[in-house]
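To start, the structure under review is shown below, and the notes come after it.
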Amino acid sequence: MPEKYNPQEIEPRWQQQWEADGLYATVEDPGREKFYFLTMLPYPSGDLHIGHWYAMTPSDAAARYRRMQGYNVFFPIGFDAFGLPAENAAIKMGAHPYKWTLANIDRMRRQMRSMGAMWAWDHEAVTCDPEFYKWTQWFFLKLYDLGLAYKAFAAVDFCPHCNTTLAREQVWGDDRHCERCGTPVIKKDLYQWFFRTTQYADELLAGMETIDWPERVKTMQTNWIGRSEGAEVTFTVAPEYLPDSEAGAGDLVVFTTRPDTLWGATFMVLAPEHPLVDRITTAGQRADVDAYVNQATRMSEIQRGALDKEKTGVFTGAYAINPVNGAYVPIWIADYVLMTYGTGAIMAVPAHDERDFEFALKFGLSIVPVIERMDERAKSVVWDGSVQDEAAFIAALQAAGIDFRFLEIADRGRFFGVPLESDAEMDTFTALLLAHLKPGHWADIVGRRWQVVFDDGPMTLDSIIADQAIINRCRAGYELMRQYRTTMEMWQGTPWYRDVLFHHDYGVMINSGELSGTPGDRAVSATIDWLEARGRGHAAVNYKLRDWLISRQRYWGAPIPMIACPTCGIVPVPYGDLPVVLPEDAEFLPTGESPLKFHEGFRNVKCPQCGGDAERETDTMDTFMCSSWYQYAYVTPYYKAGQTIGPDDTPWDKAQGDYWLPVDQYTGGIEHATMHLIYTRFFTKAMRDMGLVNFDEPMKRLFNQGMILGEDNEKMSKSRGNVVAPDDLVQRYGADTIRAYLFFIGPWELGGPWNSRGIEGVSRFMQDVWNLVVDDGQPAGEPGQKETRDLRRATHQTIRDVTADVEAFKFNTAVAKLMALRNTLKAARSTPIYGRDAWNEGVDSLLLLLAPIAPHLTEELWQRRHPGPSVHVQRWPRWDDEAVKEDVVTLVVQVNGKVRGKIEAPANIDEAAARELALAEPNVQRHLEDKVIRKVIVAGGKLVNIVVG
RNA sequence: GGGGCGGUGGCGGAAUGGCAGACGCAUCGGUCUUAAAAACCGAAGGGCUAAGCCCGUGUGGGUUCGAAUCCCACCCGCCCUACCA
């Protein structure tokens, strides 16, 4: 009875053996090329999830592959151990966050060991260890020294129930509620610490050219950084609305990406929180403005959310002066302008900005087009009864070749709709109108031109004043026009016009003073030059990216090493006093407020500068701070533990860092695209500027794995009851089978649903590999040359293909090809080839290629065949180009692109011979009967396509 | 609204200009067994009685000797982002 495959016995045995042998101990070796392979560090939530396996085991396999290729591979691991869940547990169950976290880490370490990964546990780092966060705090001080850390007021998400600010990732759902208690968050102004990530905005953009990261991540980061070029333009509040202010106090700076539309700025909008609002609001508007500001603040509680929400706003009563044409423009406030972007104030150009257009129509504000339409289209309407003699007018139109149609609006009757295609046509049409219009009547020309043609001549919509003049005349002339407040609103009342009234394209400037006529491709730069020459504005760049807010009002994080002294102001903790340690005797309040705030021993401190009584900063740092530099900490974790450190230290051993850094390959989930992955890039650039590293990017290559889903194709969650527990699976199938199954499920970057029956096939595969080595075959007779060659071909093709697959992280097809080799070897087991060289080569290759995927099984079998050094330190097999070659190919013959025959042919068949064979094939001949051969295409010696007519 | 990813047998998926469905799951038939399971062997996209032929990669068009693959338009699903001036 042959021995059974027993992973439950094999796997723990080898894990212990490898550890005893120091197989994965990190050895710096300048003689060997290094490879730093990193997987995003886990949060110690307590229990290992199959998602952890899905993220970690393929990266382990890839790291093992690099190792077998001869690289000195560094594959470290650690724990992202600060964060809110530990504090929640402390509040709920009374366990101290430190104890809770360490217990979880212990548990996870045990579970992680069952994966059989080659982690460098000798370099493990835990971010909540004081010897780790000593350096996190050191980085804070260094950033502060560089001017990259500053304290400022900011509106932050605040949970009124828990009484604490929340990180952005702790605000959940569309209604933006608190992760912990479900209460909707509000915005609150607090004095907070920031890092100047924006200082590196351009470099963060440019650096993406130099790294081999997924385009998806690069796109997300590009959008997140949101660079936009334009101009800052200074408007001024009209002096009569700020009578007692000194010069310059009424300046209202706006950022715009469309300075070429400046002449069309017919009003301004400030964010409700804008500091100028209070000062400029007139007495008459005070009540409305105050009500709106209050409501806007309350709105942010339930979120200004719903985007299809209709625009709201209030007039402040004040006017500003448009610096390009001196026009008085009303200043409004509205919540569609955000205080956090640009300057918190905009110039509104309703003719060429959709939001402003909507707002202007709603509130009856002037709309003045200043950019010509790209198409030449214009439209006109001549209302029924506005010409003296309709028959004559129609005849004149027809004589002039001007197209028209009769259209109708329900309550206003019939009209001529006249599409106008060219300037000449518009001129002719205008002349016709002047000749035929009844006194007191008019017709419009809109689109390419913006005119109302009255019986005494056209008026052009080219300014706010003209707008008022036109609409007043129309209102006076016709009862139905009284409902309209602006010319554009009147035109908007005719549905037939609507598709030509608005556009946001670049085009020739019109109604723009001396810049009128400037073509669209030069309009922006010409306007900026014009503004700069007059000191009214300048080119400017704006970013959506904001500075990184790192203050957290809670206990379980690295304390910010700062002190507030009533005499000296903000004073940094001296480097030599680091770490600022979290007090252990903290009391966790059910309100969720940070115990540090109430911890007298922690808070009360002497000022390092003057020695007087001072207060320690009680906020702690965002946990993304820890993960921004952990890949450097891994080099020599807890460097200089117990020692005093200074500003000129390096947080890791310099020589070892020079060898291992930077990270060659990083793997992790896409969810960190715009958070962790931007922060760590920012950190590395700052570190370069501190002189710590001489490279610009922390990770050369990045790969994002997908997510493993439940059997129901939904995200795994306890409430759905579709969670797959890895520990049970290890018990049942062994780690190797789980690993191989996760690899096999589909492309790693896509993820996919778990299938509890699918794993059986992989389990059989492992069993079969076992049997190939352990069971005796029945060799009989002498193997033929062809059999030998066929098996060698299968082996070497597999080596070639699996190498390419693993290189590209295509583990699913790698496993499939190894299964195919298994099938081949199984078939060969009962042939004379069993036990011969080709057989041994096949089995050994299978074990070597499978070693990164199923480390325990392959080690056990390798040792049975070749007692000695581990399979994991063997050379990755190489394929022989000769052995890979096919002797025969199946020549596919098509007639007009349809397969009509297949012929076995020698592999190196030349074109002429292939053509001849193809034409001779009987079924092909049938399809050629009575047809003329027009063309014969021979593709790659594999396929012949005969084109017949 | 903007950006991205995807749509191929009953299922997970292969194939990125040249034989569609590799590999596996499930299914069906057979061997073994009193029987079942396991294991092993074999079949299998749909249709037609068929050597063979027709139809088949979300839909419709196009490019090409040849398209799952490239181009255009559309439909559906998922993810990210969202009044960014």
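Just so we're on the same page: letters track the sequence lines, and every chain starts at 1.
Taking atom P in both B:A22 and B:A14, the straight-line distance is 13 Å, to the nearest Å. On the C1' atoms, B:G45 is 30 Å away from B:A38, given to the nearest whole Å. For the P atoms, the distance from B:G58 to B:G6 is 13 Å, rounded to whole Å. Comparing the P positions of B:C79 and B:G52 gives a spacing of 48 Å, expressed to the nearest Å. Here, B:A67 and B:U8 have their C1' atoms 14 Å apart, quoted to the whole Å. Taking atom C1' in both B:C54 and B:A50, the straight-line distance is 13 Å, to the nearest Å. Only the P atoms considered, B:U16 is 11 Å distant from B:C70, to the nearest whole Å.
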When you look at A:Trp548 and A:Tyr679, which way does the ring-ring contact (aromatic ring centres under 6.0 Å, His included) test go after all the steps? CA-CA 8 Å; A:Trp548 176 12; A:Tyr679 297 143; 3.8 Å; yes
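Put simply, NZ on A:Lys715 is 12 Å from C1' on B:C78, counting in whole angstrom units. Across the protein-nucleic acid pair, A:Lys942 atom NZ and B:A20 atom P stand 13 Å apart, rounded to whole Å. To the nearest angstrom, P of B:C84 lies 13 Å from CG of A:Asn223. Atom CG in A:Leu709 sits roughly 12 Å away from atom C1' in B:C79 (whole-Å rounding). Rounded to an integer number of Å, the gap from CE of A:Met819 to C1' of B:G13 is 12 Å.
Across all strands, A:His352 comes closer than 4.0 Å to no nucleic acid atom at all (heavy-atom distances). Residue contacts shown for A:Asn823 are limited to sugar-phosphate atoms, with no base heavy atom under 4.0 Å away. Residue-level contact check: A:Asn923 touches the backbone only, with heavy atoms under 4.0 Å from sugar-phosphate atoms and none from bases. Residue-level contact check: A:Leu943 touches the bases, meaning some heavy atom is under 4.0 Å from a base atom. Across all strands, A:Ser228 comes closer than 4.0 Å only to sugar-phosphate atoms, never to a base (heavy-atom distances). Heavy atoms of A:Lys898 sit under 4.0 angstrom from primed sugar atoms or phosphate atoms, though from no base atom. If you check every strand for non-hydrogen atoms under 4.0 Å, A:Lys218 touches nothing. Here A:Lys935 lies in heavy-atom contact (under 4.0 Å) with sugar-phosphate atoms only. A:Arg926 comes within contact range of the sugar-phosphate backbone alone, with a heavy-atom separation under 4.0 Å but no base atom that close. At a threshold of 4.0 angstrom between heavy atoms, the contacts of A:Asp356 with the nucleic acid are absent. Counting non-hydrogen atoms under 4.0 angstrom, A:Arg900 reaches the backbone sugars and phosphates but no base.
Across B:C23, B:G12, B:C83, the shortest atom-to-atom separation from the side chain of A:Pro753 is found for B:G12. For A:Pro747, counting side-chain heavy atoms from C-beta on, the closest listed nucleotide (B:G13, B:G24, B:A15) is B:G13. Side-chain proximity of A:Val899 to B:A20, B:G18, B:C83: nearest is B:A20. Nearest to the side chain of A:Asp768, among B:G3, B:C40, B:A14, sits B:C40. The A:Arg764 side chain lies nearest to B:A39 when the options are B:A85, B:C83, B:A39. Closest approach to the A:Val892 side chain among B:C19, B:G3, B:C65 is made by B:C19 (side chain taken as heavy atoms from C-beta onward). Distance from the side chain of A:Leu338 is smallest to B:C83 among B:C83, B:C55, B:G13. With B:C83, B:C23, B:C80 as the choices, the nucleotide that has an atom nearest any side-chain atom of A:Asp335 turns out to be B:C83. For A:Gln894, whose side chain is taken as the heavy atoms from C-beta onward, the closest listed nucleotide among B:G18, B:C80, B:C23 is B:G18. The side chain of A:Arg757 has B:A26 as its nearest neighbour among B:C84, B:G24, B:A26.
B:C78 and B:G4 make up a base pair, with Watson-Crick or G-U wobble contacts both under 3.5 Å. The base-pairing partner of B:C53, taking Watson-Crick or G-U wobble contacts with both distances under 3.5 Å, is B:G47. Pair assignment for B:G42 gives B:C28, based on Watson-Crick or G-U wobble hydrogen-bonding distances that are each under 3.5 Å. Pair assignment for B:U34 gives none, since no Watson-Crick or G-U wobble pairing has each distance under 3.5 Å.
A:Glu921 has no carboxylate O lying under 4.0 Å from a charged side-chain N of A:Arg900, or vice versa, which leaves the two without a salt bridge. Between A:Glu929 and A:Lys931 there is no salt bridge, since none of the side-chain N atoms of the basic residue sits less than 4.0 Å from a carboxylate O of the acidic one.
No hydrogens or angles considered: a donor-acceptor pair under 3.5 Å links the side chains of A:Thr890 and A:Glu904. There is a side-chain donor-acceptor pair under 3.5 Å between A:Glu711 and A:Ser756.
With A:Tyr543 as reference, A:Asp202 is the one residue of A:Thr198, A:Asp202, A:Thr197 to meet the side-chain hydrogen bond (donor to acceptor under 3.5 Å, both in side chains) rule.
By the 4.5 Å heavy-atom criterion applied to side chains, A:His352 and A:Asp260 are not counted as neighbours.
Between the side chain of A:Lys311 and the base of B:C83, at least one donor-acceptor pair of N or O atoms lies under 3.5 Å.
When ring centroids are compared, A:Phe359 and A:Trp332 come within the 6.0 Å threshold.
Of the two residues contacting RNA chain B, namely A:Ala820 and A:Lys826, the nearest-nucleotide position lying further toward the 5' end is that of A:Ala820.
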